There are 2 protein chains.
Amino acid sequence: MATSRTPAPPLGRPRAFDAEEALTRALRLFWQKGYEGTSMADLTEAMGINKPSLYAAFGNKEDLFRKALERYGEGSACFIGEALTAPTARGVVEKFLVGAAEQLTNPENPRGCLVVQGALSCATSSDPVRQELVERRKGYEKAIAKRFQKAKAEGDLPASANAADLARYVAAVHQGMAVQATSGATRQELKRVAQVVLDGWPSK
Amino acid sequence: MATSRTPAPPLGRPRAFDAEEALTRALRLFWQKGYEGTSMADLTEAMGINKPSLYAAFGNKEDLFRKALERYGEGSACFIGEALTAPTARGVVEKFLVGAAEQLTNPENPRGCLVVQGALSCATSSDPVRQELVERRKGYEKAIAKRFQKAKAEGDLPASANAADLARYVAAVHQGMAVQATSGATRQELKRVAQVVLDGWPSK
DNA sequence: AGTCTTCTGTACCGACTAGTACACAAACCC
DNA sequence: GGGTTTGTGTACTAGTCGGTACAGAAGACT
């Protein structure tokens with residue numbers, strides 16, 4: 001079944017660049033300038049590759065963006081999945097929003113969130129990308145809602161609570177924090193936003 | 001001092017278009033597609049003007065955007081100023097966020113908020129516009145903070161409350177709601193987000 | 001009438017956009 | 001060595017970007 005054993009013998013001339021490293025650089029650029037704000041020339045320069053190599057390795061601009069987005073989800077944005085494993089709904093919110101405050105202001109990375117600011121509004125030609133980001137945002141909101149539903153069943157959230165509403169609220173706060181991060185809010189300021197949410201969190 | 005009395009006698013060939021109407025159309029376009037996502041060709045078509053007329057009447061693209069932005073602040077976004085006049089901090093939040101839910105989903109207008117999605121992240125060439133929007137966002141956050149400070153002095157917010165933190169939180173929720181609106185959230189869904197905020201609002 | 005002033009329409013500018021054709025280089029196989 | 005396969009570098013495409021030159025049209029003033 002599996003055709004490739006281990007490194008798989010390279011055929012033909014080998015790549016002169018590290019594809020992983022190049023993708024990381026592309027991700028940073030998209031993260032910083034958004035999908036439309038990043039040009040192929042920006043990318044080739046930052047990735048240290050010329051255009052034909054880029055197209056051969058990653059496909060067109062949209063393909064490359066989607067690959068960068070996937071990498072983002074598995075890397076910088078993995079704190080979301082971790083947060084969902086917290087034992088209580090309140091713990092989930094705390095892990096999620098405090099984690100977000102840290103991720104959104106990580107000095108190693110561009111400010112803010114790729115999924116929020118990658119293509120919030122854009123030319124009609126970029127609509128597929130915009131739509132993809134919409135789906136991703138809906139995706140984590142749904143995951144949070146599901147987790148809250150479980151919390152309700154466990155008596156960990158009041159029976160009167162609406163899981164979907166709370167999840168939408170938490171997602172909105174996260175997205176707002178992302179906007180704030182790109183506007184220059186500090187890590188402490190974002191953590192205090194998270195704290196306000198926790199202070200008002202519904203208890204049994 | 002005032003040189004212009006009333007309509008001011010027009011000199012030379014009169015305009016063949018209504019500048020107010022044209023600006024309204026430009027605003028709608030920027031609102032929908034963002035600053036970078038809107039091309040001058042899009043604009044001239046939607047405004048029913050050809051390029052030289054547009055440039056003569058409104059200056060370059062950035063000038064036009066700033067004029068549209070001003071109009072936005074005085075028109076669709078004026079609910080913010082009104083909200084600040086509510087008698088209590090809680091009332092301010094309610095008026096602000098419920099008003100936002102309505103404005104962000106007004107079927108007459110594009111979804112979301114121009115100040116949030118007009119140029120959240122963009123090419124370096126559009127940085128002045130991005131920065132202008134950052135300032136506007138900081139502007140209303142500060143206005144809310146000031147209002148909360150007054151509320152504290154009036155005993156309308158607990159003495160332990162931090163006005164700046166609460167204002168940042170409320171602004172973040174608003175910005176998150178704007179993101180949600182562009183993602184297709186309904187008016188009711190956004191109102192329920194506002195309700196969650198009110199449910200958790202600190203009381204004396 | 002003529003003149004002055006302003007706006008309109010066409011046709012254009014150079015710069016940049018995403019994407020590619022093609023010749024050549026570098027690895028593998030036999 | 002030759003042959004095959006794949007990546008690199010240059011140089012180019014057609015189309016779009018924001019912005020403008022210029023000729024003529026439409027009004028007011030004298």
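This structure is a prediction, so every number in the text was calculated from the model and none was measured.
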Legend entry - Reading 5' to 3' through nucleotides 24-30 of chain C, protein heavy-atom contacts under 4.0 Å coded B for base, S for sugar-phosphate only, - for none: -BBB---

Legend entry - Neighbours of DNA chain D within residues 46-69 of chain A, by heavy-atom distance under 4.0 Å: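 The answer is A/Asn50, A/Pro52, A/Ser53.
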
Inset, instruction - Mind listing the residues from residues 24-38 of chain A sitting with a heavy atom below 4.0 Å of DNA chain D? Number order is fine. - result: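 Those residues whose heavy atoms fall under 4.0 Å from DNA chain D, taken from residues 24-38 of chain A, amount to none.
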
Legend entry - Validation row: A/Arg136, A/Leu69 side chains within 4.5 angstrom (heavy atoms):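 Counting from C-beta outward, A/Arg136 and A/Leu69 do come under 4.5 Å.
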
Legend entry - Student check: side-chain heavy atoms of A/Tyr169 and B/Arg192 closer than 4.5 Å: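 Not in contact.
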
Inset, instruction - Specify whether B/Tyr140 and B/His174 have parallel, tilted or perpendicular ring planes, treating 30° as the upper limit for parallel and 60° as the lower limit for perpendicular. - result: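 The arrangement is perpendicular - the two ring planes meet at more than 60°.
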
Legend entry - side-chain contact (heavy atoms from CB on, under 4.5 Å), paired with A/Met47, selected from A/Asn50, A/Leu43, A/Thr44: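 Running side-chain contact (heavy atoms from CB on, under 4.5 Å) over A/Asn50, A/Leu43, A/Thr44 with A/Met47 returns exactly one hit, A/Leu43.
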
May I have the distance from [X] (atom [atom1]) to [N] (atom [atom2]), rounded to whole angstrom?
| X | N | atom1 | atom2 | result |
| --- | --- | --- | --- | --- |
| A/Leu43 | C/dG19 | CG | C1' | 13 Å |
| A/Glu45 | C/dC16 | CD | P | 13 Å |
| B/Arg15 | C/dT5 | CZ | C1' | 14 Å |
| B/Asp42 | D/dG18 | CG | C1' | 12 Å |
| B/Phe17 | D/dA26 | CZ | C1' | 15 Å |

Legend entry - From C/dA18, C/dT8, D/dC17, nucleotide with atom closest to B/Ala41 side chain: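 Side chain of B/Ala41 sits closest to D/dC17.
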
Legend entry - Candidates B/Tyr72, B/Phe58, B/Phe30 - the one meeting ring pair (Phe, Tyr, Trp, His ring centres under 6.0 Å) with B/Phe65: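 Single ring pair (Phe, Tyr, Trp, His ring centres under 6.0 Å) partner of B/Phe65 among B/Tyr72, B/Phe58, B/Phe30: B/Phe30.
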
Inset, instruction - Check whether the side chains of A/Thr124 and A/Asp127 place a donor and an acceptor atom closer than 3.5 Å, and report yes or no. - result: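 No, because no side-chain N or O of A/Thr124 sits under 3.5 Å from a partner of the opposite role on A/Asp127.
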
Legend entry - Check: A/Glu102/A/Asn106 side-chain N/O donor and acceptor closer than 3.5 Å: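 On atom types as modelled, these side chains do not qualify, holding no pair under 3.5 Å.
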
Inset, instruction - Using a strict cut-off of less than 4.0 Å between a Lys/Arg side-chain nitrogen and an Asp/Glu carboxylate oxygen, indicate whether B/Arg66 and B/Glu70 qualify as a salt bridge. - result: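 Salt bridge absent between B/Arg66 and B/Glu70.
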
Legend entry - Rounded distance [0.5 Å steps], SG in B/Cys122 versus CZ in B/Arg130: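 Answer rounded to 0.5 Å: 6.0 Å.
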
Inset, instruction - Check A/Phe17 against A/Ser53 and note the closest heavy-atom contact, atom names and distance. - result: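 Between these two residues, the closest heavy atoms are CE2-CB, 4.1 Å.
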
Legend entry - Check: B/Gln117 main-chain N/O paired with B/Trp31 side-chain donor or acceptor under 3.5 Å: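 Pair absent, no side-chain N/O of B/Trp31 close to backbone of B/Gln117.
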
